[in-house]
Amino acid sequence: MKKSVILGAITVAGLAAGAATAGTVDDVKARGKLNCGVTTGVPGFAAPDANGNWAGFDVAVCRAVAAAVLGDGTAVEFIPTTGKTRFTALASGEIDLLARNTTWTFSRDVDLKFDFVGVNYYDGQGFMVPVELGVSSAKELDGATVCIQTGTTTELNLADFFRANNISYEPVPIETNAEAQQQYLAGACDVYTTDASALAATRATFEAPDAHMVLPEIISKEPLGPLVRHGDNEWGDIARWTLNALITAEELGVTSANIGEMANGTNNPEINRLLGTEGNLGEMLGLDADWAKRAIMVEGNYGEIFEKNIGLSTPIGIARGLNAQWTDGGLIYSPPFR
């Protein structure tokens, strides 16, 4: 997950500039489906079931955008990408949107020529170890072998943390979360480090999750969110405001259960603008009045999507924390619909 070490930045930036000359929204409409880049499989965030049907927290964003633009939340081709391949896939036009727990950083925004359309999950890098290792802090990991995904700035965060604490480690490079899980459980590494959310998701799949623990240290800021190519502002606006629609719906109490009733009109002008019964926000995006209504109807508002896929009632068991609405002391916040 997340954070590429910037290799081949000039090539990727060049691809991005070329791919953005055509209008992505027109391509998506002509194709009749959204090509969405996701992980190779992280439970709760993006993973296929036995029948190849994708589901998860990030998958829901892809489906919401498809519903807004195409009127069908199932009109999505999910394209698995690794830490190394995801940016080339987006820059080249192979995918229209990358929703892959990717960290918003300066170099990705500016040097690689991508536009992050918002943050859908505030995260941080953590460490998971077997309980039998007998450590309670990452500062006790001197000399440990560490499974770490290549093509990510997780590598840089890890090096900085160990250097700052004057301890050493031996990296065990891996490509995907599935490979990391296999190597970690086989004892090829003492520690697995990645975003704390992915550690929770991975631990939940273990036969004996209680035999493993996520250490208390969070060593980085990882604002994760969907991204598009630079230079295609119309498409960027659609992706950005679809995510904002999911967030605003939760804040305003618009749910999958009551949206039909609320779409008939309410006493709250912002709800009416969001659902298209007042104003012309859809027209401003080049969409119809019901675009946001369709996006919300796919899997519900932001809170419903969170609880269904990764919340406390799921095996992943993640509390809202920083990802609570701003009205509840969290960081999830949308600009106003007006």
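Computed over heavy atoms, backbone and side chain alike; hydrogens, waters and symmetry mates excluded. Worth saying up front: this structure is predicted, and the values here are computed from it rather than measured.
The hydrophobic side chain of Leu312 is isolated, with no ILVMFWY side chain under 4.5 Å apart from it.
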Trace of the side-chain hydrogen bond (donor to acceptor under 3.5 Å, both in side chains) decision for Gln325 with Thr327: CA-CA 5 Å; Gln325 286 276 341; Thr327 49; 4.7 Å; no
Could you go through Asp96 and Thr24, starting from their C-alpha distance and side-chain angles, then the distance that decides it, and tell me whether this counts as side-chain hydrogen bond (donor to acceptor under 3.5 Å, both in side chains)? CA-CA 7 Å; Asp96 309 305; Thr24 304; 5.5 Å; no
Thr81 vs Val38, test: side chain to side chain contact (heavy atoms under 4.5 Å, CB included). Steps then yes/no. CA-CA 6 Å; Thr81 62; Val38 291; over 6 Å; no
Let's go through Glu270 and Arg338 carefully: what are the C-alpha distance in whole Å and the side-chain angles of both, what is the deciding distance for salt bridge (Lys or Arg N to Asp or Glu O under 4.0 Å) to 0.1 Å, and is it a yes or a no? CA-CA 7 Å; Glu270 188 163 19; Arg338 62 167 57 254; over 6 Å; no
Would you sort out whether Tyr302 and Asn323 count as a side chain to side chain contact (heavy atoms under 4.5 Å, CB included), showing the intermediate values? CA-CA 10 Å; Tyr302 177 90; Asn323 297 293; 3.7 Å; yes
Yes or no on side-chain hydrogen bond (donor to acceptor under 3.5 Å, both in side chains) for Glu304 and Ser256, after CA distance, side-chain angles and deciding distance? CA-CA 8 Å; Glu304 290 178 283; Ser256 56; 2.7 Å; yes
Run the side-chain hydrogen bond (donor to acceptor under 3.5 Å, both in side chains) check on Tyr192 and Gln149 step by step: do they pass? CA-CA 9 Å; Tyr192 179 29; Gln149 291 188 48; 3.1 Å; yes
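Between the CG atom of Asp26 and the CG atom of Asp232 there is a distance of 8.5 Å, given to the nearest 0.5 Å. Of the inter-residue distances, the one linking Ser313 atom OG with Ile310 atom CD1 reads 10.5 Å to the nearest 0.5 angstrom. Atom CG of Leu285 sits about 5.0 Å away from atom CH2 of Trp291, to the nearest 0.5 Å. Atom CD1 in Ile167 sits 5.5 Å away from atom CG in Asp142 (nearest 0.5 Å). Rounded to the nearest 0.5 Å, atoms CG (Asn244) and CG (Leu274) are 10.0 Å apart. Summarising the geometry, atom OG1 belonging to Thr150 is positioned 9.0 Å from atom CD1 belonging to Ile148; distances are rounded to the nearest 0.5 Å.
Within 6.0 Å of atom OH in Tyr333, 12 or fewer heavy atoms from other residues, nucleotides or ligands are found, so the atom counts as exposed in its surroundings. For CG of Asn280, the number of neighbouring non-hydrogen atoms (other residues, nucleotides, ligands) closer than 6.0 Å is greater than 12. Within 6.0 Å of CD on Glu283 lie no more than 12 heavy atoms contributed by other residues, nucleotides or ligands. Counting heavy-atom neighbours within 6.0 Å of Met297 CE, excluding the residue itself, gives a total of 12 or less.
Listed for the Glu307 side chain is no donor-acceptor partner under 3.5 Å among the backbone atoms of Gly303. One N or O on the side chain of Arg31 and one on the backbone of Lys33 form a donor-acceptor pair closer than 3.5 Å. Side chain of Asp195 to main chain of Ala198: no donor-acceptor pair is present (N/O by atom type, distance under 3.5 Å, no hydrogens or angles). A donor-acceptor pair is defined here as one N or O able to donate and one able to accept, closer than 3.5 Å; such a pair exists between the side chain of Asn309 and the backbone of Ile305.
Listed by chain and residue number, Arg294 satisfy the salt bridge (charged side-chain N to carboxylate O under 4.0 Å, His left out) test with Asp288 (two or more places apart in sequence, or in another chain). Residues satisfying the side-chain contact (heavy atoms from CB on, under 4.5 Å) test with Thr74, not counting sequence neighbours, are Arg63, Asp72.
The pair Lys139-Glu217 does not count as a salt bridge, with every side-chain nitrogen at least 4.0 angstrom from each carboxylate oxygen.
With no hydrogens or angles considered, a side-chain donor-acceptor pair links Thr202 and Asn177 at under 3.5 Å. Side-chain atoms of Ser334 and Thr248 form a donor-acceptor pair, as typed in the model, at a separation below 3.5 Å. No donor-acceptor contact under 3.5 angstrom links the side chains of Asn301 and Thr255, judged on distance only. Side-chain atoms of Thr85 and Thr88 include no donor-acceptor pair closer than 3.5 Å. There is a side-chain donor-acceptor pair under 3.5 Å between Glu278 and Asn272. For the 3.5 Å distance criterion, the side chains of Gln125 and Asn157 qualify, holding a donor opposite an acceptor. In this model, a donor atom of one side chain and an acceptor atom of the other lie less than 3.5 Å apart for Glu222 and Ser220.
Side chains of Thr154 and Thr193 form a contact here, defined as non-hydrogen atoms less than 4.5 Å apart. With a 4.5 Å cut-off on side-chain heavy atoms, Ile95 and Cys36 do not count as touching. For the pair Met213/Met128, no side-chain contact is recorded, criterion being any heavy-atom separation below 4.5 Å from C-beta on. For the pair Leu199 and Thr194, the minimum side-chain heavy-atom distance is below 4.5 Å. For the pair Thr40 and Thr82, the minimum side-chain heavy-atom distance is below 4.5 Å.
With a 6.0 Å cutoff to the six-membered ring centre and a 45° limit on the axis angle, Arg320 counts as a cation-pi contact of Phe306.
Closest approach of Pro171 and Pro173 over heavy atoms only: O-CD, 3.7 Å. Contact record, Val172 with Ala188: CG2-O, 3.7 Å, taken as the closest heavy-atom pair. Taking each heavy atom of Ala295 and Ala68 in turn, the nearest pair found is CB-CB, 4.4 Å.
Residues His212 and Phe206 place their aromatic rings such that the two centres sit under 6.0 Å apart. For Phe127 and Phe161, the ring centers are positioned less than 6.0 Å apart.
Results of the side-chain contact (heavy atoms from CB on, under 4.5 Å) test with Leu227 over Leu90, Val117, Asp115 single out Leu90 as the only residue that passes.
By the 30° and 60° cut-offs, the orientation of the rings of Trp104 relative to Phe116 is parallel. Between Tyr121 and Phe57, the angle of the ring planes goes over 60°, which puts this pair in the perpendicular group of the 30/60° scheme.
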